Amino acid sequence: MDDQHEHGTNTRLAHTEYQAPQGFSAFSCGIHHASTVLFKDVAAMRARSWQEKTSYTYGLHGTPTSFTLEAKLAEIESAKHCILAPSGLAAITLVNFSFLKQGDDVLMPDNVYGPNRDLGIWMHKQYGVMARFYDPMIGAGISDLIRENTRLIWVEAPGSVSMEVPDVPAICTAAHARGVLVALDNTWSAGLVFPAFERGVDIVMQALTKFQSGGSDVLMGAVLTRDEALFQKLQTTHMRLGFGVGMDDVYLVLRNLPSMKLRFDAHDRSARELASWLQARPEIQKVLHPALPSCPGHDVWKRDFHGAAGLFSVLFDTRYSEERTDRFVDSLKLFGIGFSWGGAHSLCIPYRIEQMRDRWKEKGNLVRFYVGLEDTQDLIADVEQALAQL
Ligand SMILES: *Cc1c(COP(=O)(O)O)cnc(C)c1O
């Protein structure tokens, strides 16, 4: 402050002279909020590079809080680079807008996350990007679908409603032979039980809204890669779209991250128990859980994965009408009815799967379970009483 005259109240409110002492240390990461980032002088401002994560430019490109989460996620997924986005869907959008332009072709599995399918159809109408949908169990056969202008193939392992486990390495080999990029929606595995980059994937997308947040209260997404050139494209698109994230939300994810593996394993154990129990029930025609042989792609899951998330589906016996399976869902007391998953609370939701897919041959109503952290025996007892309402 200058000594010429006493500053007025407004100036003093804005310019605090107090500086907290250096050397504070704690396990928690500070929540650094900023739109404006200050430079020490004009030369420092001119020398800035928003692409470099060794310094700071503007809140949109990150603060120490978001850089910390990005670094942690990259480490868990064995990636080199990570970019945060305001939701899982924003992360998907970031991938599509980074690698597709007018006249390009993108292949998506028929069981792709619904809003990504919708985005593909919209990109076709609005931006002249052709989106085609393939059988998720196609494996190496994807080769026959690749065209001159195919740029990107999406994979989802497994599909988050119908749970087919695709042969990701076979799809990657076929794609790379023709110079096509492969992007994986790795939300189900949370970067924990499917080593995506080792299996050949170029770009991983995760909805941090699920297991990373773990609280059913945050929306966020991430895109990860090992490739420098792909990262630069993603970073430029991220800047152009203005996909900033709120640092309070980043902090919430950071806060729950240390317990993610323990939670994931607990969801896995409990879901497998419930899935096996359901398999023995006469009301259930088929359990679609990757760890059970009845799930399409179970052998691929055994070969490529070392765990399962707490999310699976069942097909009810064809003798039950939608009205009756809806009554089952309504009768559950411990399972909430709602979208998304990854939190402590169990969820259950019916899907009109035949309306979501180009090809769906199975019969029977599909109901999806997300198994939270409640005691498994209580969840089984709840499902048992709801089955009695059928
Ligand atoms: C939830 C989810 C998304 C999208 O995440 P949001 O944060 O809800 O936008 C994408 N893919 C899969 C498989 C998901 O389950």
Side-chain angles (χ1 to χ4, degrees), residues 69 73 77 82-97 106 108-120 122 133 136 152-166 168 182-194 196 201 203-224 238 241 243-246 249-250 252-253 256-257 260 263-264 267 271 288-290 297 301 305 308-313 336 338-343 345-349 351 353 356-357 366 368-372:
L69 179 57
L73 294 171
E77 187 67 277
C82 174
I83 304 183
L84 299 177
S87 68
L89 182 54
I92 290 172
T93 305
L94 185 56
V95 173
N96 284 326
F97 278 63
V106 54
M108 296 183 179
D110 192 29
N111 62 357
V112 73
Y113 177 66
N116 196 7
R117 170 186 281 265
D118 186 68
L119 183 60
W122 180 71
F133 302 93
L152 178 68
I153 298 175
W154 274 98
V155 281
E156 204 166 307
S160 63
V161 174
S162 45
M163 311 308 294
E164 303 92 335
V165 188
V168 175
V182 178
L184 165 72
D185 183 334
N186 205 19
T187 301
W188 192 79
S189 291
L192 295 174
V193 296
F194 181 73
V201 168
I203 302 140
V204 164
M205 165 269 148
Q206 298 174 353
L208 309 179
T209 307
K210 311 293 161 58
F211 294 114
Q212 288 83 351
S213 117
S216 313
D217 55 356
V218 178
L219 288 156
M220 202 175 296
V223 182
L224 302 106
H238 184 268
L241 294 177
F243 274 175
V245 292
D249 286 347
V250 172
L252 289 175
V253 177
N256 271 351
L257 215 50
M260 179 167 71
R263 288 184 279 113
F264 191 94
H267 294 299
L288 303 171
H289 185 302
W301 176 82
F305 289 67
L311 188 82
F312 69 94
S313 295
F339 295 107
S340 204
W341 37 279
H345 302 87
S346 291
L347 297 165
C348 186
I349 201 153
Y351 281 92
I353 184 82
M356 298 161 65
R357 303 283 292 268
L366 187 145
R368 187 179 77 177
F369 291 90
Y370 167 66
V371 175

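Both backbone and side-chain heavy atoms feed into the values below; hydrogens, waters and symmetry mates do not. In listed order, ligands and their atoms are each counted from 1. These numbers come from a predicted model, not from an experiment.
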Q: Just jot down the salt bridge (charged side-chain N to carboxylate O under 4.0 Å, His left out) partners of Glu77, sequence neighbours excluded, or say none.
A: none
Q: Show which atoms of ligand 1 fall inside a sub-4.0 Å distance from at least one heavy-atom site of Gly88.
A: 4 (C), 5 (O), 6 (P), 7 (O), 9 (O)
Q: Within a distance under 4.0 Å of any heavy atom of Leu89, pick out the atoms of ligand 1 and give their elements.
A: 4 (C), 5 (O), 6 (P), 9 (O)
Q: Just jot down the ligand 1 atoms closer than 4.0 angstrom to any heavy atom of Trp341, in number order.
A: 15 (O)
(Q) I'd like to know if the side chain of Tyr370 reaches the main chain of Gly343, judged simply by a donor and an acceptor atom lying under 3.5 Å from each other, with no hydrogens or angles considered. (A) yes
Q: Using a 4.0 Å heavy-atom threshold (strictly under), name the region of Trp188 that reaches ligand 1: side chain, backbone, both or neither.
A: neither
Q.
Under 4.0 Å from a heavy atom of Glu156: which atoms of ligand 1 are those, numbered in the order shown and with their elements?
A. 13 (C)
Q) Do the ring planes of His289 and Phe312 sit parallel (below 30°), tilted (30 to 60°) or perpendicular (above 60°)? A) tilted
(Q) Taking Leu311's backbone N and O only, do any of them form a donor-acceptor pair with Arg368's side chain (distance below 3.5 Å, no angle check)? (A) no
Q: Any atoms of ligand 1 less than 4.0 Å from a non-hydrogen atom of Thr209? List them with their elements.
A: 6 (P), 7 (O)
Q. With backbone taken as N, CA, C and O and side chain as the heavy atoms from C-beta onward, which portion of Asp185 lies under 4.0 Å from ligand 1: side chain, backbone, both, or neither?
A. side chain
Q.
Just to verify, what does Asp249 make a salt bridge (charged side-chain N to carboxylate O under 4.0 Å, His left out) with, not counting sequence neighbours?
A. none
Q) Any idea which of Tyr370, Phe339, Tyr113 brings a heavy atom closest to atom 8 (O) of ligand 1? A) Tyr113
Q: On the 0 to 90° scale, with breaks at 30° and 60°, tag the Phe264-Phe211 ring pair as parallel, tilted or perpendicular.
A: perpendicular
Q. Is any side-chain heavy atom of Asp110 closer than 4.5 Å to a side-chain heavy atom of Arg117?
A. yes
Q) Of the protein's non-hydrogen atoms, which lies at the shortest distance from atom 2 (C) of ligand 1, and what is that distance? A) Lys210 NZ, 2.4 Å
